[in-house]
Each structure stands twice: as structure tokens, then as C-alpha cells.
**Student:** 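Dumping the structure here so I can ask a few things about it.
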2 protein chains.
Amino acid sequence: MDSAPPAPPSSPSPWLPFESRRRARDEKREAVLRAAVQLFLEQGYHRVTLNEVAERLNITKPALYNYFRGKDEILFECWSMGAELVDSVITEINAGGGSGVAKLRKLVHAYAELMATDFGASLVRFDLRDLTERNAGVARAAKRRIDATFRRYITAGIADGSIRPCDPKLAAFAIAGSLNWIGHWYRREGKLSPTAIADEFTVRLTDGLAAEVRLQATKKTPRAPQGRNSGRKTTGKTRTGGGTG
Amino acid sequence: MDSAPPAPPSSPSPWLPFESRRRARDEKREAVLRAAVQLFLEQGYHRVTLNEVAERLNITKPALYNYFRGKDEILFECWSMGAELVDSVITEINAGGGSGVAKLRKLVHAYAELMATDFGASLVRFDLRDLTERNAGVARAAKRRIDATFRRYITAGIADGSIRPCDPKLAAFAIAGSLNWIGHWYRREGKLSPTAIADEFTVRLTDGLAAEVRLQATKKTPRAPQGRNSGRKTTGKTRTGGGTG
DNA sequence: ACGATATGTTACCTATGGGTAATAAAAAGT
DNA sequence: ACTTTTTATTACCCATAGGTAACATATCGT
């Protein structure tokens, strides 16, 4: 409160400290979600207060109630944003063709990239028990649909011969587990880009399942049929995130 | 509060409602941890009150402070129990011999089984941000050791030729992710026994990495390796847990 | 311009639950 | 038996943070 309020450097908030406020409702709603999801991921849902969320948007707590019924609804809407992203990915893959393993690879790749986004990570970092019973039900249903999709692609792959026989349920658990975990260790500031991670995981996770072709890891080795590691001497310390969890 | 207190059916609490209280201190301390970890996993740390923990042990909240400095310390001690289990597993594997892939398989198997225990699951279900900075530091260090072990076995495997060349860091992430996720979906009441899961994951997760032998999945296992669940009729829907997460 | 509506603000309420003080009752020491 | 120490109980404190009421100010339709 010293001199004039020069507006904090990069403020991606539609509410300028005390100025023009004429944006569309939906735009503001989404701005709340973007601020909230970021804080929730940073500090954890229970440690984030609505005052903090509001403050980051240059408004005050009660203003939030113009857009949401309460804290848990904000959480749910964040989660839903992620779920919609996954749903649209699935819809697109379903629309296209390809063998079982091809579809599975597409899903793995897209899902891995999603886990590196805020709304994507919220799918696996938020605790559904923080939602109302009603919303938790919706969320569980969405999760089931996603899980079913993994299994369906695997089952289809086994049927069309592109995937070696295995238990679709456990295979789906193993794959989804790896992918979901990305949401826990990925850090924007790390050296691994989302696409690099997605590329690698697509190979790693479907390699053991594929019936025929063995995909090569994207290690740049121009020729080498047997993925030579691109000279990286694995000098330990690369640390991107928490490692095991 | 009607008739005489016949002591709740199966009370694994050293504190009988109003009777002999002469157990050793450590035994009680651990009883607190067992009750706490169970509640924390069931309902989530923030939704569990110390009153609930105490109530389950037939005591009152302040009594807990004879054994712990506060709620967060209970959480930390639960977490530590899990960490110690992993550490002892690692110690044992390190003591034995075998190729890189052999050690990795041992670790995967044991870790998978651990994820099906309360203290094991607490390793990945608890939020380290709920701990004091000091304890969180200890926990992070432990996690790093575990992660390093995965990478070391993989690196060793590549060196001794038992594992195909790959990026140890990402491979470790992929494997640990799958395993950690077990802690999220495994349910005691489900039909999958911990060993069945461990067996399957050991194959699934190291299959794509192994240089030579391709292990065979445990398919063909007659049916229940273990799971004679008291006559549960297994009607279609198998659902063990949340599926994707 | 001018009400009506949407969107903010300030000031407040209150349930919750971690933590503590004072005290009583066992266990253990002598 | 008695004191001392450990361990439990009852009664309380109080900071936090979600939520609400009452009021203010833009924005908009006409």
C-alpha cells in the first residue's frame, strides 16, 4: 500500500486490482479453477484456504461464492476439467482405427502428457473423499470409464493378435499405475519434457505386451537397432522429482 | 452403555475398557500406530481426529500425548514403519547375490507385497507435506534411498547384461509407479491376493527389460492360489478397487 | 438517466479439532 | 504401607477457516 499499485508483474487474473471488471462469467469461473488447481497441487487441498485462492485473483473470499457453492465444489470442478481432457482423448482414439496395441499406445502417450498438466495431475492427486457423496460418485464413474478403456484396448489387442495374452485387468493396473504416478513426480522445472516422458513411457509400458514389433526407445541413436543409450553416462543425480513417490 | 462391557468382539487394543492396564510401553505405542494407520488410510489423515484414534483404543485423546508429541508425529511414525520394512527388504536383497535383473525382481516382488499392507501403503498414501519440515526431510531422504536402489539394480543389470540398455531413471520411475499404485487400489476384501499381485507384477514389470529369458506369466494357475474368500459368489464385476486410481 | 441484476466488499458467526492444565488413579520403587 | 512416577481422565483453550449477512458498486437492459 505504498505508491500506486503497478499490478503484480504477470497477473493472469481477469481481476485487475481495482479496475475494469467486465469479463465474461465463464472466463472468471475458469480463472478461479486455474488458480485453485495450482494451489491445491502446490500445497494440498486442506492446506489451501479460500482466502489464498481469492487473494491470488485479487478478490476476496466471498466473491468466490458467486461462482461456486463451496470449496469442495471447486475441487470437483478442477477434477472434472481433467476428466474431460481424458474423455476427449479417448473419444478421439475411438474415432480413429488401428490395432489394439496401436490404440493402447495412443492412449498411453496422450495420458502421459496429460499427467504433466495441472488439471491432468489433479485426476490422481486429489482425494475423492473430499468431495460430496454425489460428486464422488460422478468421479468414480469417470474413473471406471477410463479404466475400462485401458482394459478394452488390451482385450482388443489380444483378440487381434497385436498383444500377447495376459490378464487385461492387471495389465491395465500396471500401465495406469505407472502413468498416474507421473502426476506425482513430474515437475515443470525438471529436465524431462512431457513429450519425452510420454515417448519413453509409450515404449516402456507396451513393450512387454506387444506381440510382434518391439518399439525402439526414442534415444536418438541414429542407427543402432538395439537401443544404445544415447551416451548418457547415467551419472546418478538427475533428480526430477520425488523419485519413488 | 447398557449392560456390562463385554469388550468389543475383536479388540486388538491393549487397553481393555476399564481393566488391567499394565502392558509395556512400546506395545501400546505400536497399538496406537496400528489404529492410526488404519484410520488414516480409511478416511484420510485430515478427516481423522485424535479423538477417533483414541476412541478406537478405549482411551481418550490426551492419553495419546503420553506416547507422541502430536498428530503429525503419529503420521510420521506410521510412515517410518513402512520405510523400515522396505529398508529391511533392501538390506536382505543386497546381502544375497544374483544378477541385476534377479535383484530387481526380488525387489519388485517384495515391494508389491508390502504395498498390500497398511504400513506399506502409508508410504505412498500419506502426504509428506503434513509432516514437520524436519520429519519431511527424513522421509524424503528415505524415498531417495529407495529410488536409488531401483536405479542401482537396473544399472547393474545393464552392466552385467541381464537387462537391455535403457534409461535407468525412467525405467525406475515406470516400475516404482506401477508398484506404488498398488497401495492405492489394493483392497483386502478383493479377490487378488498380495502374492498373486506380486507374482504378476514381477513378470509384467521386468518382462520388457529383461535381456534374455522371458518369464512366463502365472496364467494357468488353476484358480484361487489363496483367495478362498468365504464363499463370495464372484458375480461378474470383479472390481478390486478404484481401477485407474 | 435509472432501476434491476450481477458482482464485489467488510464484518461477522461458529463448528471443528489440535493441544494443554489440572487432577485422579494405577504401577513401581523402597 | 508410603512415596514417586507413569499413565489416564475431565475440563478447557483458542486458532483456524469455511461459510453467511448486510451492504456497496459496477454493469446492463430499456
Side-chain angles (χ1 to χ4, degrees), chain A residues 1 5 11 13-33 35-36 39-40 43-78 127 129-132 135, chain B residues 1 5 11 13-33 35-36 39-40 43-78 127 129-132 135:
Chain A
M1 311 319 186
S11 162
S13 162
W15 293 275
L16 300 183
F18 214 75
E19 302 161 30
S20 61
R21 286 168 174 169
R22 66 192 70 124
R23 294 300 199 166
R25 188 181 171 83
D26 289 346
E27 216 167 317
K28 293 189 185 168
R29 229 183 108 94
E30 212 182 294
V32 173
L33 294 181
L39 285 168
F40 290 164
Q43 312 180 28
Y45 179 67
H46 294 284
R47 273 172 296 279
V48 175
T49 71
L50 290 184
N51 277 324
E52 287 179 272
V53 176
E55 191 179 11
R56 183 168 289 206
L57 294 163
N58 296 321
I59 55 178
T60 57
K61 177 174 65 174
L64 295 173
Y65 285 82
N66 279 319
Y67 304 98
F68 301 93
R69 303 171 68 92
K71 195 185 182 190
D72 64 281
E73 188 179 293
I74 296 180
L75 185 73
F76 176 68
E77 297 287 343
C78 287
D127 191 339
R129 290 170 299 195
D130 288 320
L131 304 177
T132 60
N135 284 340
Chain B
M1 314 347 180
S11 163
S13 162
W15 293 275
L16 299 184
F18 214 76
E19 301 161 31
S20 61
R21 286 169 172 168
R22 68 191 70 122
R23 294 300 201 164
R25 189 180 169 82
D26 288 346
E27 216 167 317
K28 294 189 184 168
R29 227 184 110 93
E30 211 181 297
V32 173
L33 293 181
L39 284 168
F40 290 164
Q43 312 180 27
Y45 178 68
H46 294 283
R47 273 172 297 278
V48 176
T49 71
L50 289 184
N51 277 324
E52 286 179 272
V53 176
E55 191 178 10
R56 184 167 288 205
L57 294 164
N58 297 320
I59 56 177
T60 57
K61 177 174 64 174
L64 295 174
Y65 285 81
N66 278 318
Y67 304 98
F68 302 93
R69 303 173 70 90
K71 194 186 184 188
D72 64 281
E73 188 179 293
I74 296 181
L75 186 72
F76 176 68
E77 296 288 344
C78 288
D127 191 339
R129 290 170 298 195
D130 288 319
L131 304 178
T132 61
N135 283 341

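Below, chain A is the first sequence line, B the second, and so on; all start at residue 1.
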**Student:** When you measure from the side chain of Ala63(B), which nucleotide among dT9(D), dT7(C), dT7(D) comes out closest?
**Tutor:** dT9(D)
**Student:** Tell me: CG of Asn58(A) to P of dG8(C), nearest whole Å?
**Tutor:** 11 Å
**Student:** Report yes if at least one side-chain N or O of Thr60(A) is closer than 4.0 Å to OP1 or OP2 of dT9(C); otherwise report no.
**Tutor:** yes
**Student:** Has Lys71(B) got a side-chain atom pairing as donor or acceptor with Val48(B)'s backbone, closer than 3.5 angstrom?
**Tutor:** yes
**Student:** Does a side-chain N or O from Lys28(A) land closer than 4.0 Å to OP1 or OP2 of dA6(C), or not?
**Tutor:** no
**Student:** Rounded to the Å, how far apart are Tyr67(B) OH and dT6(D) P?
**Tutor:** 12 Å
**Student:** Who passes ring-ring contact (aromatic ring centres under 6.0 Å, His included) against Phe68(B), sequence neighbours left out?
**Tutor:** none
**Student:** Starting at atom CD1 of Ile59(B), determine the distance to atom P of dA25(C), rounded to an integer number of angstrom.
**Tutor:** 18 Å
**Student:** Within the sub-3.5 Å range, which N or O atoms of nucleotides 15-21 of chain D have a protein N or O partner, and how far apart are they?
**Tutor:**
| residue | atom | partner | partner atom | Å |
| --- | --- | --- | --- | --- |
| dG18(D) | OP1 | Val48(A) | O | 3.4 |
| dG18(D) | OP1 | Lys71(A) | NZ | 2.8 |
| dG18(D) | OP2 | Leu50(A) | N | 2.9 |
| dG18(D) | N7 | Lys61(A) | NZ | 2.9 |
| dG19(D) | OP2 | Tyr65(A) | OH | 3.0 |
| dG19(D) | OP2 | Lys71(A) | N | 3.0 |
| dG19(D) | O5' | Tyr65(A) | OH | 3.3 |
| dG19(D) | N7 | Lys61(A) | NZ | 3.0 |
| dG19(D) | O6 | Lys61(A) | NZ | 2.7 |

**Student:** Rounded to the nearest 0.5 Å, what separation is found between the OH atom of Tyr67(A) and the CG atom of Leu57(A)?
**Tutor:** 10.0 Å
**Student:** Once you round it to whole Å, what is the distance between C1' of dG19(C) and CD of Glu73(B)?
**Tutor:** 14 Å
**Student:** To the nearest 0.5 angstrom, please state how far the CD1 atom of Ile74(A) sits from the OH atom of Tyr45(A).
**Tutor:** 8.0 Å
**Student:** Provide, to the nearest angstrom, the distance between the CD atom belonging to Glu55(B) and the P atom belonging to dG17(C).
**Tutor:** 13 Å
**Student:** Nearest 0.5 Å, please: how far is OG1 in Thr132(B) from CZ in Arg69(B)?
**Tutor:** 10.0 Å
**Student:** I need the CZ-C1' distance between Arg25(B) and dT5(D), as an integer number of Å.
**Tutor:** 12 Å
**Student:** Tell me: CZ of Arg29(A) to P of dA6(C), nearest whole Å?
**Tutor:** 15 Å
**Student:** Please determine, by modelled atom types, if His46(A) and Asp130(A) share a side-chain donor-acceptor pair under 3.5 angstrom.
**Tutor:** yes
**Student:** Could you state the CG-P distance from Asn66(A) to dA26(D), rounded to the nearest angstrom?
**Tutor:** 16 Å
**Student:** Looking at CZ of Arg129(A) and CG of Leu131(A), how far apart are the two atoms once the value is rounded to the nearest 0.5 Å?
**Tutor:** 11.0 Å
